[in-house]
Protein chains: 2
Amino acid sequence: MSQAAVWNPYVRDCPTRQVLDRIGDRWTVLVVGTLADGPLRYSEIAERVDGVSQKMLTQTLRALERDGLVTRTMFPQIPPRVEYELTEEGRSLGEPLAVLEHWATTHIETILRARESYDATSRPVGQSTS
Amino acid sequence: MSQAAVWNPYVRDCPTRQVLDRIGDRWTVLVVGTLADGPLRYSEIAERVDGVSQKMLTQTLRALERDGLVTRTMFPQIPPRVEYELTEEGRSLGEPLAVLEHWATTHIETILRARESYDATSRPVGQSTS
DNA sequence: CTGAATCCGTAATGATACTG
DNA sequence: CAGTATCATTACGGATTCAG
């Protein structure tokens, strides 16, 4: 029953927290998902990940590269061509994400309904009634 | 190979994104982990989740309650006593989190080393060198 | 094309003081 | 005890501009 010990300690810098800090942001998961099918160029990723700005895409890609989850290959051409590809480790991240995805899809309905009924009877979560 | 289709579309409000928005914040996972062993009072959670402020703890618990992942039981006493407990659905969240935790613990070393070597040869990710 | 650098508004978070 | 209210600070994200 003591399942807490599994994903454990309530410290800020435990592995799980660090990983969540990486994938918890708005773009990382989408970028990793886009790259799941194979290497892509910067502009190709940009057009597939709807709504991402250059800044955030570059930032996300850099962070993934830094963590060894994505490789960046530059082709010295004019115009320049840069390809990004998931590393073996990056691909392995697909498994936990798939599990999470499965949980999400099977529970989102219930969650949404819970929210509705909660909002119908209680106050908003983060605001005052003013 | 087309694993991307599993956790799928690059839209902002897909189930996975919504769930990540919930568990991606700094405290939710810690609170859920704390409650995994059984119901706790507000103050008991507060002292176990190191560093959480009253504001964030309340906010996190409200959000979890709103989503039907946690129940809030108030005992009309002086002084007041409030207990929080994971719902069945809340407990089921433990599985995907455990998978994520497993991935995190088995890869964090590699990631950390990748970061070191990256930082040693490249520029910082989010800053300028100035 | 692939970024880097900068500015700026908003949202998230934390510290603190106060209340039923 | 279990919150709420308020304020200060910071982090995040987007738009824009410039460059190799």
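The chains referred to below are lettered A, B, ... by the order of the sequence lines, with proteins before strands, and numbering in each begins at 1.
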- Message: Grouping I, L, V, M, F, W and Y whenever their side-chain heavy atoms are under 4.5 Å apart, do Ile23(B) and Leu35(B) come out in a common cluster?
- Response: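 Looking at the clustering, Leu35(B) is in the same group as Ile23(B).
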Is [Y] close to [X] at the side-chain level, that is, under 4.5 Å between some pair of heavy atoms?
X	Y	result
Val29(A)	Leu100(A)	no
Leu69(A)	Val32(A)	no
Gln54(B)	Tyr42(B)	yes
Arg62(B)	Thr58(B)	yes
Asp21(A)	Arg26(B)	yes
Val19(A)	His107(B)	no

Rounding to a whole Å, what distance do you find between [X]:[atom1] and [N]:[atom2]?
X	N	atom1	atom2	answer
Ile45(B)	dA2(D)	CD1	C1'	11 Å
Arg62(B)	dG3(D)	CZ	C1'	8 Å
Gln77(B)	dC1(D)	CD	P	13 Å
Met74(A)	dT2(C)	CE	P	11 Å
Leu57(A)	dC12(D)	CG	P	17 Å
Leu61(B)	dC1(D)	CG	P	16 Å
Glu83(B)	dC1(D)	CD	P	14 Å

Look at the side-chain N and O atoms of [X] and state whether any lies under 4.0 Å from the OP1 or OP2 oxygen of [N].
X	N	value
Arg72(B)	dG3(D)	yes
Tyr84(B)	dG3(D)	yes
Arg41(B)	dA2(D)	yes
Thr58(A)	dT2(C)	no

- Query: Under the salt bridge (charged side-chain N to carboxylate O under 4.0 Å, His left out) criterion, do Arg113(B) and Glu116(B) qualify, and how do the steps go?
  - Reply: CA-CA 5 Å; Arg113(B) 269 186 282 113; Glu116(B) 280 185 56; over 6 Å; no
Taking only N/O atoms, report every protein-nucleotides 18-20 of chain D pair under 3.5 Å with atom names and distance.
none

- Item | Residues which pass side-chain hydrogen bond (donor to acceptor under 3.5 Å, both in side chains) with Arg41(A), listed by chain and number, not counting sequence neighbours |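 With sequence neighbours excluded, Arg41(A) shows a side-chain hydrogen bond (donor to acceptor under 3.5 Å, both in side chains) to no residue whatsoever.
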- With sequence neighbours excluded, tell me which residues meet side-chain hydrogen bond (donor to acceptor under 3.5 Å, both in side chains) with Glu83(A).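 Scan of Glu83(A) (side-chain hydrogen bond (donor to acceptor under 3.5 Å, both in side chains), adjacent residues dropped) gives Arg81(A).
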- Message: Using 0.5 Å steps for rounding, measure from the CZ atom of Arg22(A) to the CG atom of Leu93(A).
- Response: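 Between Arg22(A) CZ and Leu93(A) CG, I get 10.5 Å after rounding to 0.5 Å.
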- Just call it for Phe75(A): base, sugar-phosphate, or nothing, with non-hydrogen atoms closer than 4.0 Å on any strand.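 If one applies the 4.0 Å heavy-atom cut-off, Phe75(A) turns out to touch nothing in the nucleic acid.
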Grab the N/O contacts between the protein and nucleotides 8-13 of chain C below 3.5 Å, and write none if there aren't any.
residue	atom	partner	partner atom	Å
dT13(C)	O4	Lys55(B)	NZ	3.4

- Query: Using the C1' atoms of five pairs at each end, what's the angle between the two axes of the helix from dC1(C)-dG20(D) to dG20(C)-dC1(D), to 10 degrees?
  - Reply: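 The two end axes of the helix from dC1(C)-dG20(D) to dG20(C)-dC1(D) meet at 40°.
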- Connected-component partners of Phe75(B) among ILVMFWY, side-chain separation under 4.5 Å: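 Members other than Phe75(B) - counting any ILVMFWY side chain reachable under 4.5 Å - there are none.
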